[in-house]
Each structure stands twice: as C-alpha cells, then as structure tokens.
Amino acid sequence: MSAGRAPFSPEASETSCDGLFANCWRPAPPAALHLFGDPAEVEALRGSLLAWYDECKRDLPWRVLAVTEPDVNRRAYAVWVSEIMLQQTQVATVIDYYNRWMQKWPTLQALAEASLEEVNELWAGLGYYSRGKRLQEAARKVVSELAGQMPRTAEDLQKLLPGVGRYTAGAIASISYGQATGVVDGNVIRVLCRLRCIGADSSSPPVIDRLWAMANALVDRSRPGDFNQALMELGATVCTPKAPLCGECPVKQHCRARLRVEKELALASRKLLGKLPVVPDVEDCGVGGCPLCPPAAELWDSSLGVTNFPRKAAKKQPRVEQTATCVLERRGRRGALEYLIVQRPSSGLLAGLWEFPSVPLAPGLQQEQQREVLVDHLQAWAGQPVAAGSLRFIGEVVHVFSHIHQTYVVYSLSLDGDVTLDLASSPSRWVTEEEFRASAVSTAMKKVFGESWDFPPLHLLGS
Ligand code: SF4
C-alpha cells in the first residue's frame with residue numbers, strides 16, 4: 001500500500017473533523033529506527049558510498065559504455081540490455097553474453113531488425129528466455145513507434161516499453177540520463193533492510209513501498225547513476241546475503257543492524273558475567289504492530305548476526321514435474337550423426353526454443369508406462385513405427401526452473417534409413433552436434449544431451 005493512498009475508515013468518516021482530509025485514516029509514520037531522518041547523515045552516507053565505489057567498483061563493459069557512449073539513445077540501450085541480462089543472472093555469466101550481444105546488435109535499430117530465432121540463439125544458456133524476446137519487442141517499438149528515441153524519464157520508460165518495470169526504468173534513467181531516481185533490486189533491499197533494521201517480510205507491499213521511498217530519498221542528486229550502482233555493488237560484493245564483510249563496509253557507521261549486533265553481544269557478555277544489563281534491551285522501534293519490524297513471533301537469532309535482516313516469507317516450493325524426452329539420432333547424408341530437435345510453442349515456458357521431442361508425464365507412471373507415452377509421442381516424429389523396446393533408457397536429468405522442479409527422463413533411439421518427419425505438427429529439424437550447440441536450445445536440453453553422451457553412445461554400439 002502506498003503511503004499516499006491510505007484505506008478509508010468508515011468510523012472516522014462519521015466523526016466530525018477540522019478539515020476535508022482530517023478524518024481519513026493514515027498509517028502510522030515509520031519509527032525513527034527505520035528512517036534516515038538526519039540530512040547530515042544522508043550526506044555522509046552518500047559521500048562514503050560514492051568514494052568507496054570510485055575506488056572499488058568492478059570494471060564492467062556496460063559501465064564503460066554508460067560513461068563513454070556520447071549518443072543518448074545508444075547509451076540508454078547499452079544500459080537497458082545489461083539490466084535485462086542481469087535480472088536473475090550473475091555478473092560473471094552476463095559479461096560474455098553482453099559483449100556478444102552488443103557486438104552483434106550495437107543499436108536499437110540493429111536489434112529491431114534481428115529475427116527472434118537469432119535472439120534466442122544468442123540468449124541460449126542465459127535462462128528466463130522471455131527476457132530476450134521482450135527486449136527485442138520493445139526495441140522494435142522504439143524504432144517503429146517512437147522514431148528511434150528512447151523515452152527520457154523513468155516514468156515514460158516504464159509506461160511505454162514492454163518488459164521494463166520500475167527497477168529497470170529507474171536504472172536506465174539514473175545511469176543513462178542522470179535522473180535523480182532510486183532503484184530497488186535484491187541487493188538494495190538487503191542493504192537498506194540492514195541499514196535500517198527492517199525485518200518484516202521484504203517482499204510485502206508496505207516494506208517494498210518504504211524501500212522505494214528510502215531509495216528515492218537517499219539517491220545522490222549530482223551522481224544518481226553512480227549512487228544506485230554503488231548501492232547495488234555494495235550488496236553484491238560486501239553486504240552479501242550470507243557472509244557480509246561488515247569490517248570492510250564503507251557505510252558501517254550508518255548501519256543499525258550492525259549496531260544491534262554490537263548491543264546484543266554486549267548484553268550477552270554482561271549476562272555471562274552475572275552483571276545487570278546496563279545496555280538497553282534490544283533496540284526496537286517502539287511502535288506496536290510496526291509493519292517494518294520482524295513479527296513478534298520471530299525471535300532474534302544471535303547466530304545470524306546482521307543476516308537476521310532482511311527476512312522473507314517462506315518461499316513457495318516449486319511444483320514437481322516429469323517429462324519424458326528422447327534423443328532421436330540418425331546417420332545423416334554426409335555420414336555424420338544427426339539429432340532431431342523440435343520447436344516449442346511460441347508462448348509459455350521456454351517459448352520458441354528447440355528441444356528433443358518431449359512429452360509431460362502424469363505423476364506415478366511406471367517406467368513401462370512412461371515408455372508407452374513417449375512412443376506414442378514419437379510416432380508422429382519418426383514417421384515409422386517405433387517399438388517401446390527399442391527405446392534405450394539413459395537416465396534422469398533434473399533442472400530447476402524458478403517455479404518448476406523438472407525431471408527429464410531421458411531415452412535415446414537410433415533410427416535406420418531415411419526418416420520422414422511430420423512437419424505439420426511443429427517445426428523440427430535434424431542437426432549435427434555442432435549445430436545443436438549453436439541452436440536456441442535451453443540449458444536443460446544441453447544437460448540432457450550431455451547425459452546421453454555420458455553413456456556408451458548408440459552409434460558406437462553398431463547402429
Ligand atoms: Fe551490510 Fe554489514 Fe555494511 Fe551493515 S555494516 S551495510 S550489514 S556490510
């Protein structure tokens with residue numbers, strides 16, 4: 001809930017009041033513990049963080065472009081690509097993808113002209129494939145509907161570009177245009193929750209609203225892009241999830257989680273010595289039912305120290321699914337082994353990517369029943385009768401998507417002679433191993449292929 005639009009209370013509305021808005025219920029303002037109330041402290045924090053960033057920041061290709069690229073549209077595009085790639089993906093993985101992407105499509109116009117197949121091929125292995133697709137759709141929109149001009153504010157970026165949310169819009173606008181707007185990503189959430197002892201569920205709307213307000217208030221007015229990157233860099237390299245390096249932290253003097261740990265330790269040692277506690281009991285905000293404090297039932301865990309913050313609601317378990325998949329191989333015209341890959345539907349999970357023929361399995365099927373399901377599915381592809389007994393069980397490959405725990409039950413089948421494919425049911429093609437690796441296939445399928453190679457390959461067994 002945003003602080004600006006509080007829920008209306010019927011009781012209050014029947015009470016007389018002095019002004020038009022006086023009888024509207026408003027949430028209690030956050031307690032001082034959770035605020036940056038002192039302007040001098042905010043200035044000091046900005047200064048310490050930026051000085052640290054200037055000295056310690058990692059050299060990353062998108063940071064170089066953000067500083068050196070004189071064309072504002074190109075600069076915004078370069079930041080945008082990096083921000084989309086970095087969502088859910090580690091910096092070390094992204095660097096190579098980013099360099100190849102910018103080499104291939106250095107401008108919005110170049111990306112707009114690419115095919116989705118090319119985009120998927122380059123994105124293959126980066127995960128969350130819809131990101132690449134949506135980036136390209138948005139680039140096409142900028143070229144065709146906005147005359148190639150990137151929207152110039154965070155508000156317009158979010159409003160006009162598909163796939164650009166509040167965070168990405170803030171990052172592009174602050175880093176590329178110097179707009180003084182904050183950003184809130186996972187790293188920023190962690191740092192701010194620790195700096196201000198915010199222990200309520202960090203994915204809940206009141207906490208998220210408070211963090212956005214805090215990020216917007218804290219951002220340095222003269223160097224907003226650097227400040228936002230510094231905050232994220234701090235979360236990525238110093239204020240890490242499990243083992244924060246508080247001793248090396250440039251903003252440790254402003255950190256209330258650290259202060260609380262110190263007080264807890266002092267309290268514990270006095271108790272150990274049998275002395276009465278002169279240190280006040282744990283610092284809490286003093287507001288009953290505070291929406292930013294940890295729930296009363298969740299006790300402080302002294303073994304966790306500052307990592308008591310932030311806290312998240314228990315994660316929903318990914319749903320468990322099983323899929324039978326078959327590495328169909330044949331001897332190609334030029335003698336090389338070839339494998340059949342088929343294209344997934346254009347929407348949904350792994351949209352438009354290529355995979356070995358696969359079929360979801362109902363829970364609880366025995367292996368023989370699984371084979372039958374797969375054989376039925378394969379008849380269409382193979383263009384010839386497939387005997388369940390000719391399928392060779394290879395093993396199981398587990399791949400965890402964000403919300404699905406997927407087990408691929410992998411079989412292989414070697415086909416003899418010329419094979420006619422039913423191209424009507426879905427696009428499909430035969431590829432060599434090299435072509436497979438260059439195709440737009442998911443990481444899960446690469447694992448499946450690797451698994452099939454860990455077994456004595458069928459072709460070496462004399463097909
Ligand atoms: Fe994070 Fe520790 Fe720095 Fe606080 S002092 S912001 S917990 S690294």
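In this text the structure is predicted, and so the values were computed from the model without any measurement. Numbering of ligands and ligand atoms starts at 1, following listing order.
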message: Under 2.8 Å from atom 4 (Fe) of ligand 1 - does any N, O or S atom of C246 fall there?
response: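 Given the 2.8 Å cut-off, C246 does not count as a ligand of atom 4 (Fe) of ligand 1.
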message: Using heavy-atom distances only, which candidate in G235, A257, C239, G247 approaches atom 1 (Fe) of ligand 1 most closely?
response: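 When every heavy atom of G235, A257, C239, G247 is considered, C239 comes closest to atom 1 (Fe) of ligand 1.
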task: Output, in order, the C-alpha distance, side-chain angles, deciding distance and verdict of salt bridge (charged side-chain N to carboxylate O under 4.0 Å, His left out) for R63 and D59.
output: CA-CA 7 Å; R63 287 187 178 156; D59 285 328; over 6 Å; no
Residue [X] vicinity, atoms of ligand 1 by number, heavy atom under 4.0 Å:
| X | value |
| --- | --- |
| R194 | 7 (S) |
| K252 | 5 (S) |
| C249 | 3 (Fe), 5 (S), 6 (S), 8 (S) |

Assess, by modelled atom type and distance only, whether the side chains of [X] and [Y] contain a donor and an acceptor separated by less than 3.5 Å.
| X | Y | result |
| --- | --- | --- |
| E117 | W354 | yes |
| Q406 | T323 | yes |
| Y167 | E83 | yes |

message: Under 4.0 Å between a side-chain nitrogen and a carboxylate oxygen: does that hold for E264 and R260?
response: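 So E264 pairs with R260 through a salt bridge.
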message: Using a strict threshold of under 4.0 Å (side-chain N to carboxylate O), is an ion pair present between E41 and R196?
response: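 Salt bridge present between R196 and E41.
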query: What residue and atom, counting heavy atoms only, is the protein's closest point to atom 5 (S) of ligand 1, and at what distance?
result: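 Answer, as residue, atom name and distance: R258 CD, 3.5 Å.
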task: Report the nearest protein non-hydrogen atom to atom 4 (Fe) of ligand 1: residue, atom name, distance rounded to 0.1 Å.
output: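 I find the closest protein heavy atom is C255 SG, 2.4 Å.
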